[in-house]
Amino acid sequence: MELKAKGSASIKALLVEDIQVCRLVLSTFLLRLHCEVTLAMNGKEAVDLFLEGKKFDIVLFDKDMPVMTGPEAIVKIRAMGETDVKIVGVSADNHAMEAFMSAGANLFVPKPIRMEALSPIIQDVINKKMHDMV
């Protein structure tokens with residue numbers, strides 16, 4: 001499912017989260033930050049989107065999901081050669097940071113995520129995209 005912010009959404013974000021409330025909160029934050037948001041319920045759905053040729057500027061992954069976990073999906077996505085996409089691991093699990101970073105994530109943010117934590121991450125992605133266009 002895709003959600004678009006009003007105006008020109010230049011950042012394509014993939015949110016991979018199995019819990020509906022978390023999906024709602026995080027997608028609302030991303031929309032407020034002018035991202036075009038695609039939702040996936042688990043790691044396999046995320047991997048399938050990349051296999052279909054979809055491109056994203058940033059992916060937010062939950063850790064523990066049915067079918068395929070966030071770290072498992074990150075390993076597969078990185079193995080496809082997707083090195084430019086910024087991957088952020090998101091979890092309330094105290095031991096998740098190590099799992100995400102060893103899988104190939106760029107960053108880890110503990111849950112609950114706050115808008116103040118997400119905003120500079122999105123700004124970095126925007127800055128990188130602008131720099132790459134020049």
Side-chain angles (χ1 to χ4, degrees):
M1 185 168 104
E2 288 187 24
L3 306 166
K4 291 189 179 182
K6 289 189 174 105
S8 60
S10 59
I11 299 299
K12 292 186 183 310
L14 173 60
L15 174 58
V16 190
E17 171 63 71
D18 61 322
I19 299 168
Q20 187 174 0
V21 173
C22 295
R23 264 198 320 271
L24 180 65
V25 170
L26 289 173
S27 61
T28 300
F29 286 173
L30 290 166
L31 288 168
R32 283 187 188 157
L33 294 167
H34 308 290
C35 294
E36 182 178 313
V37 183
T38 301
L39 301 174
M41 304 287 201
N42 58 59
K44 183 185 182 317
E45 285 184 18
V47 170
D48 289 347
L49 288 167
F50 279 93
L51 288 171
E52 290 168 16
K54 297 268 196 303
K55 296 286 181 194
F56 300 98
D57 299 302
I58 187 167
V59 184
L60 273 67
F61 267 105
D62 184 30
K63 181 174 177 280
D64 298 315
M65 296 176 286
V67 187
M68 186 185 293
T69 69
E72 288 171 336
I74 292 168
V75 169
K76 291 181 181 297
I77 289 166
R78 291 297 193 210
M80 288 179 215
E82 294 289 345
T83 54
D84 287 343
V85 63
K86 184 170 200 124
I87 296 181
V88 181
V90 179
S91 179
D93 178 349
N94 291 336
H95 306 289
M97 181 182 209
E98 188 178 318
F100 276 117
M101 299 316 275
S102 63
N106 300 96
L107 202 60
F108 173 77
V109 181
K111 278 185 182 176
I113 295 184
R114 297 176 46 169
M115 185 77 162
E116 297 80 29
L118 194 55
S119 185
I121 296 168
I122 298 299
Q123 193 57 54
D124 282 348
V125 173
I126 291 168
N127 293 345
K128 181 186 181 296
K129 195 167 183 174
M130 294 299 204
H131 183 264
D132 291 350
M133 288 177 167
V134 176

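Side-chain contact between Ile77 and Val47 is present, with heavy atoms from C-beta onward closer than 4.5 Å. You'll find the side chain of Arg78 reaches within 4.5 Å of the side chain of Ile87, heavy atoms only.
For the atom pair Ile113 CD1 and Leu26 CG, the distance stands at 4.5 Å (nearest 0.5 Å). Note that the CD atom of Glu82 and the NZ atom of Lys54 stand 13.0 Å from one another [nearest 0.5 Å].
Contacts of Gln20 classified as side chain to side chain donor-acceptor pair (under 3.5 Å), with partners at least two apart in sequence or in another chain: none. Scored by the ring-ring contact (aromatic ring centres under 6.0 Å, His included) test, Phe29 finds no partners at all (sequence neighbours excluded).
Glu45 contributes a side-chain N or O that, together with a main-chain N or O of Met41, makes up a donor-acceptor pair within less than 3.5 Å. A donor-acceptor contact shorter than 3.5 Å links the side chain of Thr28 to the backbone of Leu24.
For the side chain to side chain contact (heavy atoms under 4.5 Å, CB included) with Lys86, the lone residue among Leu60, Asn106, Val59, Asp57 that qualifies is Asn106.
Salt-bridge annotation for Lys111 and Asp62: present, with a side-chain N of the basic residue lying under 4.0 Å from a carboxylate O of the acidic one.
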Can I get a per-line list of side-chain donor-acceptor pairs under 3.5 Å for residues 96-105, giving both atom names and the distance, sequence neighbours left out?
unit_1	atom_1	unit_2	atom_2	d
Ser102	OG	Glu98	O	3.0
Ser102	OG	Ala99	O	3.3

Any chance you could lay out the salt bridge (Lys or Arg N to Asp or Glu O under 4.0 Å) test for Asp132 and Lys128, step after step, and finish with the verdict?
-> CA-CA 6 Å; Asp132 291 350; Lys128 181 186 181 296; 3.0 Å; yes
